*Asks:* 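Structure in structure tokens, see below.
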There are 2 protein chains.
Amino acid sequence: MMTASSAPVRQSSVRAHNLALVLQTVANSADPISRAAVAAATGLTRATVSALVDDLIAGKLLVEVEPAPRSGAGRPAAGLRLAPDGPAGLGLEINVDYRAACVVDLTGRIRHRLVEAGDQRPVGAGSALAALSLLATEARRRAEADGLTVAGAALAVPGLVTGDDTVRIAPNLGWLDVAVGELGGLPVAVDNEANLAALSELGTGELPPSFVYISGEIGIGAGIVLDGALFRGVRGWSGEIGHLAIDPDGPPCRCGARGCLEQYAGQEAMLRAAGAATVADLAAADLSTAGHALGTAIAAVVNLLDVGTVVLGGIYAPLLPRLRDAIGAEIDRRVLTADWSPVQLRAASYGPDAAMRGAAGAVIRGVLDDPAGWLARTRA
Amino acid sequence: MMTASSAPVRQSSVRAHNLALVLQTVANSADPISRAAVAAATGLTRATVSALVDDLIAGKLLVEVEPAPRSGAGRPAAGLRLAPDGPAGLGLEINVDYRAACVVDLTGRIRHRLVEAGDQRPVGAGSALAALSLLATEARRRAEADGLTVAGAALAVPGLVTGDDTVRIAPNLGWLDVAVGELGGLPVAVDNEANLAALSELGTGELPPSFVYISGEIGIGAGIVLDGALFRGVRGWSGEIGHLAIDPDGPPCRCGARGCLEQYAGQEAMLRAAGAATVADLAAADLSTAGHALGTAIAAVVNLLDVGTVVLGGIYAPLLPRLRDAIGAEIDRRVLTADWSPVQLRAASYGPDAAMRGAAGAVIRGVLDDPAGWLARTRA
DNA sequence: CTCAAATAATTCAACCAATAAACAAATCCG
DNA sequence: CGGATTTGTTTATTGGTTGAATTATTTGAG
């Protein structure tokens, strides 16, 4: 009921917290940063920072680089940066028409990227996962050939996930209650693609700490980021906006209800309405119906969560210029607070790689959030 | 961007955290609890718990009570309970037709309660607040006569609040940009009534850590509790569900849009639809239109946030038996995950006092969450 | 009635991590 | 070249938890 997260704090937790603090201060700095600057930024002592940095360097999380071009008097600073050859994250994705794997290092750079196109639906969950496991193994092999250590793996799926490793239902893949287990010899954290894509957007550093990412694909999902952390809901099923009711008398939806958002702004509905064959054709179509529906849904999200920024991803990203007016009109009409602080609409920065990149990012974020755990692992 | 809340942790923070941990462990225990049991529950050492408890007793946050009826051998335990005569919270409320104040002690008991009925709209913000300040002073006087120390005050208003002390807009009071400042000689934290009512429900201890409280009054608002903490949104304007779109072609709303929830399930709409004069008359009316609208909105909330419990307060609480079927039908239709884990609908435990009680509760929760801060204040 | 067993709470030395202040290193500038 | 300046390290101190030993208070068995 109360908030003091019922775990005791021992001294070692202090160190764990401060290790994370130092590491993240370095991570958030655009340029290499000195120990002294970290101390100033965090409020810790230079002595403490030095001690912490020693640990982080020994654990291959930070590296010292050439002193930055100097100015003024004084001993030159040694620059600190995230280690490009330390732990890395393995990001995996299975979607309707491809499977993919990538390796992202601590600095956020994609080091390897493997994609296999092909319809995953007829294959079945077992074979699809077996093939993905091979892909994961290959990605891992390449990463280790580079001197990277794969710290973990995460998998993005278009569906509902429970308990971190079971796909409860993925309608568009035809999956039901699929336990993922290990892939490429690593335990895998499974999550919804919209959630992970939201994380990858967060990783750009160009967004406020709270926003909602809307993923437009065959289905429509939302990834909710509050205060810099993904909000998953009680069972991990937050962000299911595809079946928000837009019009109680609207067209029937395969979910059994009527007038769901997907019936107006889902990929298939948009193609049908525009008489278009491919997503590319939509760029020239009239999307006002979809836009108004999407705007109504976004207004609901903003009214409920009071987020100031909405990121549109998936097929919406390239179509945003044509959707913006209709969405904006609904927001202005339906969001009471829009007068005081307008809602920002943005297109996603990453294209189809967003979810996979977010999956890898989730792994490295785990290391960045708990470096002490990583250091303990490496020592063992 | 990252999560390690950019403050360094010094050793004293460890103590502050553990003080809160011990205090809350005692608070969450139904019966008096021994130091040894606290140690077992928290994972701290008995020695540490003893030292922390000494501080908490010295600061009038805990008291030792008679050993509980024993069983078995061994030295009898000294029971610990929250102090009934330590800090107390002053809860204030201004609503359309009354103003009120109450004093709640650490244990959650209402010690004093003052209500003045009367339409607050013609009075204007200034006079209403001045009158409330007198009420607050009187409540505080009575509390201190009991030996209580008023730790702070919070005010519930039916409107949007910014920056903890300014009412941006309260449509039903006719307030616009009202800065509250001090009342009864205390700085006041202002918050939305639905938020505070939600907190009071959380305080019952009978709810899961995540739920949504829906307040049905003239307007409709929601208080969102996630993981035991109120979720306020970026600017504190979360939970504005009164203007969720139910039907794009529905009746026009005073907000400028059409088919808002308030036009179906707001107090005035329900009275009009039922041809009733008072809220009491609704108990016998057909509320299916309101119920379906409410159910549609609740389905949206659940799809978005994945909360498993919805608490209905305000005028909805007594009407829940008549609303339940319609709400449930919409939830079943529109919430994909309802098959796996059904959404619980509950009536609120507290009646009209909920918001005021929650305001007082917010104050004592502040003490419970940061006992170290309170101890520092008392020593000064 | 006395003594062993059991449980509660306190005392005390050890330890861990951060701090503050002094010190060493490396550069700039007059 | 020498003082000023900034970075980074060393060392003694301090705050806070731990673990073991100690004291306190009861039940129950002989």
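Letters go in sequence order (proteins before strands), and every chain restarts at 1. Bear in mind the structure is a predicted one, so any value in this text is a computation, not a measurement. Values below: every heavy atom of this structure, side chains too, minus hydrogens, waters and symmetry copies.
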*Asks:* Could you say whether A:Leu19 or A:Arg46 is positioned toward the 5' end of DNA chain C, judged by the nucleotide with the nearest heavy atom to each?
*Replies:*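 Here A:Leu19 is the residue nearer the 5' end.
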*Asks:* With a 4.0 Å cut-off, would you call B:Arg357 and B:Glu201 a salt bridge?
*Replies:*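 Judged by the 4.0 Å cut-off on N to carboxylate O distance, B:Arg357 and B:Glu201 do not form a salt bridge.
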*Asks:* Quick one: is C:dA18 close enough that its OP1 or OP2 comes under 4.0 Å of any side-chain N or O from A:Arg15?
*Replies:*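 True: A:Arg15 side-chain N/O within range (under 4.0 Å) of C:dA18 OP1/OP2.
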*Asks:* Taking only side-chain N and O atoms of A:Thr45, does any of them lie within less than 4.0 angstrom of OP1 or OP2 on C:dT19?
*Replies:*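 Looking at the OP1 and OP2 atoms of C:dT19, one of them is under 4.0 Å from a side-chain N or O of A:Thr45.
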*Asks:* Take atom CG of A:Asp55 and atom C1' of D:dT9, then tell me their distance rounded to the nearest Å.
*Replies:*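 Result: 15 Å.
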*Asks:* Walk me through it: do B:Leu80 and B:Ile57 pass the test side chain to side chain contact (heavy atoms under 4.5 Å, CB included)?
*Replies:* CA-CA 9 Å; B:Leu80 297 171; B:Ile57 289 180; 4.3 Å; yes
*Asks:* Scan B:Ser34 against the nucleic acid and name what it touches under 4.0 Å (heavy atoms): base, sugar-phosphate only, or nothing.
*Replies:*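 Result for B:Ser34 = sugar-phosphate.
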*Asks:* In whole angstroms, how far is the C1' atom of D:dG8 from the CG atom of A:Leu52?
*Replies:*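 Going from A:Leu52 (CG) to D:dG8 (C1'), I get 14 Å.
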*Asks:* What contact category does A:Arg35 fall into here, base, sugar-phosphate, or nothing, at under 4.0 angstrom with non-hydrogen atoms?
*Replies:*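 It contacts sugar-phosphate atoms only.
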*Asks:* Judged by atom type as modelled, is there a donor-acceptor pair below 3.5 Å linking the side chain of B:Thr42 to the main-chain atoms of B:Val38?
*Replies:*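 Yes, B:Thr42 side chain to B:Val38 backbone: donor-acceptor pair under 3.5 Å.
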*Asks:* Below 4.0 angstrom from OP1 or OP2 of D:dT17, is there any side-chain N or O of B:Asn18?
*Replies:*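 Indeed, a polar side-chain atom of B:Asn18 lies that close.
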*Asks:* Would you check, one step at a time, whether the test side chain to side chain contact (heavy atoms under 4.5 Å, CB included) holds for A:Asp164 with A:Val190?
*Replies:* CA-CA 5 Å; A:Asp164 227 40; A:Val190 186; over 6 Å; no
*Asks:* By nearest atom, which of the nucleotides D:dG8, D:dT26, C:dA18 is closest to the B:Pro76 side chain?
*Replies:*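 The answer is D:dT26, which lies nearest to the side chain.
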*Asks:* Given atom CD1 of B:Ile33 and atom P of C:dA9, what is their separation to the nearest angstrom?
*Replies:*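 Value for this atom pair: 10 Å.
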*Asks:* So, are A:Arg232 and A:Asp191 salt-bridged, with charged N and O less than 4.0 Å apart?
*Replies:*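 Salt bridge: yes.
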*Asks:* Which residue, B:Leu44 or A:Ser50, contacts DNA chain D at a nucleotide closer to its 5' end, judged by nearest heavy atom?
*Replies:*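 Checking each residue's closest nucleotide, the 5'-ward one belongs to A:Ser50.
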*Asks:* Out of C:dA18, D:dG16, C:dA25, which nucleotide sits closest to the side chain of B:Val14?
*Replies:*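 Of the options given, the side chain of B:Val14 lies nearest D:dG16.
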*Asks:* Nearest to the A:Ala36 side chain among D:dT7, C:dT27, C:dA8, which nucleotide is it?
*Replies:*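 In terms of side-chain proximity for A:Ala36, the closest of D:dT7, C:dT27, C:dA8 is D:dT7.
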*Asks:* So if I take every side-chain heavy atom of A:Arg75 and compare against C:dA24, C:dA18, C:dA9, which nucleotide ends up nearest?
*Replies:*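 Minimum distance to the A:Arg75 side chain belongs to C:dA24.
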*Asks:* Nearest to the side chain of B:Ala47 - C:dA9, D:dG19, D:dG8?
*Replies:*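 Side chain of B:Ala47 sits closest to D:dG19.
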